[in-house]
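Predicted model, so just to flag it, every value in this text is computed and none were measured.
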Number of protein chains: 2
Amino acid sequence: MQNKTILIVDDEAAVRDMLRVALEMAEYRCIEAENAQAAHALVIDEKPDLILLDWMLPDVSGVELARRLKRDELTASIPIIMLTAKGEEDHKIKGLETGADDYITKPFSPRELVARLKAVLRRAGPSTPEEPLTAGQLVLDPISHRVTIGGQAVEMGPTEFRLLTFFLSHQERAYTRTQLLDHVWGGNVYVEERTVDVHIRRLRKALAVDGHDRFIQTVRGTGYRFSVQTAEKV
Amino acid sequence: MQNKTILIVDDEAAVRDMLRVALEMAEYRCIEAENAQAAHALVIDEKPDLILLDWMLPDVSGVELARRLKRDELTASIPIIMLTAKGEEDHKIKGLETGADDYITKPFSPRELVARLKAVLRRAGPSTPEEPLTAGQLVLDPISHRVTIGGQAVEMGPTEFRLLTFFLSHQERAYTRTQLLDHVWGGNVYVEERTVDVHIRRLRKALAVDGHDRFIQTVRGTGYRFSVQTAEKV
DNA sequence: CATTCCTGTGACAAATATATGACAGGCGCA
DNA sequence: TGCGCCTGTCATATATTTGTCACAGGAATG
């Protein structure tokens with residue numbers, strides 16, 4: 001099973017750390033934000049599978065953030081679990097009214113957290129396959145699990161497919177090998193960084209329909225970047 | 001990459017040796033302590049970048065030590081990885097609640113150790129700035145790791161990129177070669193001052209899209225200055 | 001104008017980083 | 001069990017980048 005990404009939003013680093021470790025033990029990948037603004041950016045950027053949202057945040061309240069996310073077409077389908085402190089129980093119902101899918105009262109045991117999280121994820125069902133991802137002539141259809149360039153089918157292995165999927169949803173951005181390992185392989189896997197090179201090469205080879213790879217640029221000293229601009233330019 | 005210092009705290013010499021070997025192979029500098037008291041002294045004295053802390057120690061328990069370190073202003077920011085034995089799994093999360101940033105269960109592979117250690121260090125480290133840096137027509141986008149002048153892509157090596165990044169965030173100010181070495185190359189590297197000249201030249205060449213470099217001025221007898229005013233003036 | 005500093009350049013060899021081709025183990029499937 | 005496809009690692013080939021030099025110009029100085 002592919003790793004789910006959980007976004008943790010809490011202003012206390014200690015709480016975030018605890019949550020992160022508990023979740024990573026359960027094989028989830030975590031990303032963190034300490035305020036609503038950062039959280040919003042991350043939601044757009046990383047498309048997490050679930051959001052753990054603290055009731056109280058320094059800038060905008062968690063409730064308000066939840067409301068916004070649920071109102072936005074793109075983010076509405078992401079389940080939200082609200083974290084509330086003991087005294088705030090009165091707001092429970094409100095929390096759910098704003099669109100949260102569940103709430104947990106602090107303090108809670110890591111076990112409980114993971115259990116409820118799983119429940120919410122299960123309820124949300126298998127994340128609906130999205131729209132085809134494209135880059136110029138290149139089209140990746142998540143539903144049929146197929147890749148084509150100008151209508152021409154392209155074959156590749158599972159890892160290359162995941163890599164390409166990631167690249168297509170994060171174009172024009174340079175990633176280090178480590179970041180790619182985190183995102184494509186999943187946080188709790190330990191492989192050599194050079195392995196990324198090899199898979200990049202395999203992907204390039206697969207995409208080089210006409211003998212030229214114009215999609216993946218190497219960023220010397222850093223890593224790689226997927227970009228269609230450069231690709232089309234030729 | 002600059003060498004990070006890791007403090008190993010474990011009462012068994014054999015374990016310390018193993019850890020040290022694994023870490024030194026990965027280019028880390030190691031210091032060791034076999035009890036909490038010695039560990040505490042070393043933390044103050046050496047300011048390690050990360051602490052590997054055994055759960056069980058002869059004097060004070062590792063958990064307690066972690067708690068103390070995290071409570072102290074000076075040491076709170078140092079990441080801690082807790083080492084636990086197989087049977088102690090239940091304690092894992094408790095350990096994390098006390099402030100550890102990650103845990104590893106013994107026995108573990110050296111590779112896993114190094115990987116998790118890197119992950120923890122990475123999380124603690126600074127993150128890339130998000131906003132593009134600009135100077136007139138010149139734009140450096142840290143995200144895509146690209147430089148353009150009036151939309152036209154500009155190629156340069158990693159060092160030139162770092163140099164330009166520095167200049168763009170410190171415009172209109174003259175820097176000596178030594179200062180540039182400190183900021184762009186990183187404090188403790190030994191290279192000739194004249195090396196800066198060469199990189200300045202390379203950067204100028206890269207930026208001289210139209211045949212003229214108007215961005216970097218020479219401050220005779222001192223060093224260089226990046227300024228867009230002069231650049232635009234033509 | 002002669003001197004003495006400084007900085008600009010082009011060339012290099014060594015150091016690094018990346019691309020490639022091969023390979024053995026792991027896994028699923030017939 | 002045998003076969004074929006994937007994967008992660010290596011060792012090796014290539015490609016870039018880097019730090020230094022030696023030398024050419026230019027600028028101050030007197």
Lys/Arg N to Asp/Glu carboxylate O, E46(B) vs R29(B), below 4.0 Å: yes
Is a salt bridge present between D10(A) and R16(A), judged by a nitrogen-to-oxygen distance below 4.0 Å? no
By the 4.0 Å heavy-atom rule, please label [X] as base, sugar-phosphate, or nothing.
{"X": "R202(A)", "value": "base"}
{"X": "F161(B)", "value": "nothing"}
{"X": "E155(B)", "value": "nothing"}
{"X": "T195(A)", "value": "base"}
{"X": "E160(A)", "value": "sugar-phosphate"}

Considering only dG8(C), dT18(C), dC6(D), which nucleotide approaches the side chain of R177(A) most closely? dT18(C)
Between E172(A) and S144(B): side-chain donor-acceptor atoms closer than 3.5 Å: no
Without hydrogens or angle criteria, can the side chains of Y190(B) and E192(B) be said to hold a donor-acceptor pair below 3.5 Å? yes
Grab the [atom1]-[atom2] distance between [X] and [N] for me, whole Å please.
{"X": "Q217(A)", "N": "dT16(D)", "atom1": "CD", "atom2": "P", "answer": "14 Å"}
{"X": "R201(A)", "N": "dA13(D)", "atom1": "CZ", "atom2": "P", "answer": "16 Å"}
{"X": "W185(A)", "N": "dT7(D)", "atom1": "CH2", "atom2": "P", "answer": "9 Å"}
{"X": "I200(B)", "N": "dG19(D)", "atom1": "CD1", "atom2": "C1'", "answer": "15 Å"}
{"X": "H199(B)", "N": "dT7(C)", "atom1": "NE2", "atom2": "P", "answer": "17 Å"}
{"X": "R220(B)", "N": "dT7(C)", "atom1": "CZ", "atom2": "P", "answer": "6 Å"}
{"X": "D197(B)", "N": "dG25(D)", "atom1": "CG", "atom2": "P", "answer": "18 Å"}
{"X": "K205(B)", "N": "dT16(D)", "atom1": "NZ", "atom2": "P", "answer": "16 Å"}

Please state whether the phosphate of [N], meaning OP1 or OP2, lies under 4.0 angstrom from any side-chain nitrogen or oxygen of [X].
{"X": "T218(A)", "N": "dT18(C)", "answer": "no"}
{"X": "R194(B)", "N": "dC21(D)", "answer": "no"}
{"X": "Y224(A)", "N": "dA19(C)", "answer": "yes"}

Examine distances only and state if a side-chain atom of R225(A) and a backbone atom of T218(A) form a donor-acceptor pair shorter than 3.5 Å. no
Taking the nucleotide of DNA chain C with the nearest heavy atom to each, does G223(A) or G221(B) sit closer to the 5' end? G221(B)
